Amino acid sequence: MERPLFRRLIDVGETGAKLTIYFEGQAIEARAGDTVAAALPAAGIRDFRAGPASAAPGSPFCMAGAC
Amino acid sequence: MAVIGAGPAGLVAVAVARQYGIETALLDEQPRAGGQIYRNIGAADEAMTAILGPEYAQGRDLLPSRDDPGRHDIFGASVWQITRDGGIYYSHESGASALTAEHIILATGAIERPMPIPGWTLPGVMTAGAGQTLLKNPGLLPQGKVVLAGSGPLLWLLAAQYGRAGVDIAALVETTPRANLHRAALKLPGLLREGELLRQGRALRRELKRLGPRHFKDARGLRAVGEEHVRALCFTVGGQEHEIPCDLLLLHMGVTPNVQFTRALDLPHDWDDVQRCWRPRSGPGGATEISNLRLAGDGAGIVGARAAALQGRLAALAVAGEMGEAVANAVAEAGNELSRRLAARPFLDRLFAPGAECLDPPDDTIVCRCEEVTAGGIRDLAARGCRDVNQLKALGRPGMGPCQGRMCGLTVAEVLARSLNLPIEDVDYFRLRWPAKPVSMHELAMFAEAEDA
């Protein structure tokens, strides 16, 4: 796993509960209330998906449910 | 009365309707009220509001102060269809639900205008709005080298917010063409009428100067480069080439109305030549050609949070008026304040109007992110006789992916119109169909069973 692009600011928005999610079989620490799109980059996951035509790596873009 | 969208317009519409005793349902995708601008405001602590600033903290005033049995706020609700007779269909807690309303106010807000540049689909490239969203909830700050690029007030605001949080910005790369300044200057008197906005803008600029990130202006030919991940932003200023290494590139090119619902409802839309976007047609109180369906806020044309709140007020007052309440004075008062708030728009719209490069990107730029259709691919189809965006969609697939054209609709039309040398109205906009958001077969099947029961 690479160095995460983001770090958590003094637990703002945290409801307290740490939890483990699995991405491609890999255990990742997340917080209750995280969106998946926020939890993965916070844990250092950079490549989320392969493009439908080129299979190029891709990751979340707008974080607002538009893209 | 049902309100879709819990940003400033929707929150005020509900609050005003409740003052007149109108029972309300408020639906929003997010887990809490606030919309994009006041996202997570109800849960933000002092440390967070200190970073996000006083304009964000103003959002607290829009939250309900006490429990109200006549007010039904449904959060985490993704509305995927509404009907002309008041039906609202939505996904909530892993199931599909429906309600009917006598009046609907659509307050679905804005989305960021796509800023297609070569390499913008690389991991590590996001929008400035995305950076701000991650800060508001769950409170993520970038680490490593961050570059902000594009045009618009949000770029300055995010740079300041990151600065307050101690994030170093490697560079702020503004693409605003110098010519925009001259066009905007003619509209300066309007800006001077909206004192609050002018003060905010000046304070932000002072703050940026103090923070002192490398600041480039009138940048051209932006390219995100990297293989598996963005490595640098390349561009030119006055013919000189620059390459700024970065781990995270945040792009922004202003915001445009989210027209997914109004398009799917087949409402008429008018082209805004300054902002280069479509606006659903609406009249006083947000009235549309569908009786009992009103629009408020940025979804009806970009106005900003303060004006959006006033439009929400006016839409709710119009509903109360139809129910026989005496609202004339309140309407006049809100209308006056709205026109003052809107006075600054002609200046802002011209200053931050998207430049030609954004509207007509180079051939190798991906325009449709979902289906990976390039600007060159669109020009090829134009050369082969494609005359409008819906024909183009059928032949080349732009706009067919899960975002339903939100990220490419405007660019596809601009590229095609310029390629054919036609007015943008002639190439039209994507015909949008329900559902407006992805909905699972499981949800639909469970929903049908519940309806039969």
Side-chain angles (χ1 to χ4, degrees), chain A, chain B residues 29-31 36 39-40 43-45 47-48 51 78 109-112 114 120-127 129-144 146 165-167 227-230 247-248 251 258 260 366 369-373 397 401-404 406-408 437:
Chain A
M1 208 163 6
E2 293 170 86
R3 181 173 183 249
L5 284 178
F6 294 91
R7 63 184 168 86
R8 287 180 194 271
L9 171 73
I10 41 162
D11 292 345
V12 168
E14 187 196 3
T15 52
K18 286 185 184 175
L19 45 90
T20 304
I21 60 173
Y22 291 88
F23 177 73
E24 304 279 45
Q26 179 184 356
I28 285 167
E29 185 187 283
R31 304 281 167 85
D34 279 357
T35 59
V36 173
L40 294 188
I45 305 290
R46 296 188 168 188
D47 178 8
F48 279 43
R49 62 138 215 183
S54 69
S59 64
F61 184 64
C62 80
M63 297 303 301
C67 72
Chain B
E29 260 181 344
Q30 292 187 41
Q36 301 302 341
R39 178 184 281 266
N40 214 32
D45 62 10
M48 183 56 84
I51 291 169
S78 178
I111 58 176
E112 288 183 275
W120 73 315
T121 52
L122 282 169
V125 183
M126 301 175 97
T127 67
Q132 202 191 43
T133 294
L134 287 168
L135 174 55
K136 288 171 179 171
N137 187 27
L140 298 186
L141 286 170
Q143 52 185 1
V146 189
V167 173
E227 287 70 45
E228 298 292 296
H229 192 270
V230 67
D247 302 303
L248 180 68
L251 301 173
N258 177 1
Q260 302 299 115
I366 286 177
R369 298 173 59 91
C370 299
E371 297 288 335
E372 301 180 299
V373 182
R397 298 195 58 82
C403 96
Q404 297 168 298
R406 288 171 176 87
M407 285 291 114
C408 72
K437 286 277 167 139

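This one's a predicted model, so the numbers in the text were calculated from it and none came from an experiment. Within every chain, numbering begins at 1; the chains are lettered A, B, ... in the order of the sequence lines, protein sequences first and strands thereafter.
Between chain A and the options B:Thr121, B:Leu141, B:Thr127, heavy-atom pairs under 4.5 Å are most frequent for B:Leu141. When B:Cys370, B:Ser78, B:Ala165, B:Pro114 are compared by the number of non-hydrogen pairs under 4.5 Å with chain A, B:Cys370 comes out ahead. For chain A, the option among B:Glu112, B:Lys437, B:Arg369, B:Met407 with the highest count of heavy-atom pairs below 4.5 Å is B:Arg369. Chain A forms the most heavy-atom pairs under 4.5 Å with one residue out of B:Val167, B:Val125, B:Ile111, B:Leu122, and that residue is B:Val125.
Residues B:Asp247 and A:Leu5 approach most closely at O-CD2, 3.4 Å, considering heavy atoms. In plain terms, the two heavy atoms of B:Ala130 and A:Phe61 that are nearest each other are CB-O, 3.1 Å. Nearest heavy-atom pair, A:Ala64 versus B:Gln36, reported as atom, atom and distance to 0.1 Å: CB-NE2, 3.6 Å. Counting all heavy atoms, side chain and backbone alike, B:Cys403 lies closest to A:Cys67 at CB-O, 3.5 Å.
Only the side chain of B:Thr133 has a heavy atom closer than 4.5 Å to any heavy atom of chain A. For B:Glu228, the parts lying under 4.5 angstrom from a heavy atom of chain A are both the backbone and the side chain. For B:Met126, the parts lying near chain A are the backbone and the side chain together; criterion is any non-hydrogen pair under 4.5 Å. The part of B:Arg39 that comes within reach of chain A is its side chain, from C-beta onward, which places non-hydrogen atoms under 4.5 angstrom from that chain. Neither the backbone nor the side chain of B:Pro31 has a heavy atom closer than 4.5 Å to any heavy atom of chain A. With a threshold of 4.5 angstrom between heavy atoms, A:Pro41 does not approach chain B through any atom at all.
Rounding to the nearest 0.5 Å places CG of B:Leu134 at 7.0 Å from OG1 of A:Thr35. Rounded to the nearest 0.5 Å, atoms CZ (A:Arg7) and CD (B:Gln143) are 6.5 Å apart. If you take SG on A:Cys62 and CZ on B:Arg406, they are separated by 9.0 Å, rounding to the nearest 0.5 Å. Atoms CG and CE, on B:Asn137 and A:Met63 in that order, are 9.0 Å from each other to the nearest 0.5 Å.
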All N/O donor-acceptor pairs, side-chain side in residues 51-60 of chain A, below 3.5 Å, sequence neighbours left out:
| unit_1 | atom_1 | unit_2 | atom_2 | d |
| --- | --- | --- | --- | --- |
| A:Ser54 | OG | A:Ala56 | N | 3.1 |
| A:Ser54 | OG | B:Glu372 | OE1 | 3.3 |
| A:Ser54 | OG | B:Glu372 | OE2 | 2.6 |

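By the 4.5 Å heavy-atom criterion applied to side chains, B:Leu140 and A:Arg8 are counted as neighbours.
Screening residues 20-56 of chain A for ring pair (Phe, Tyr, Trp, His ring centres under 6.0 Å), with sequence neighbours left out, gives no hits.
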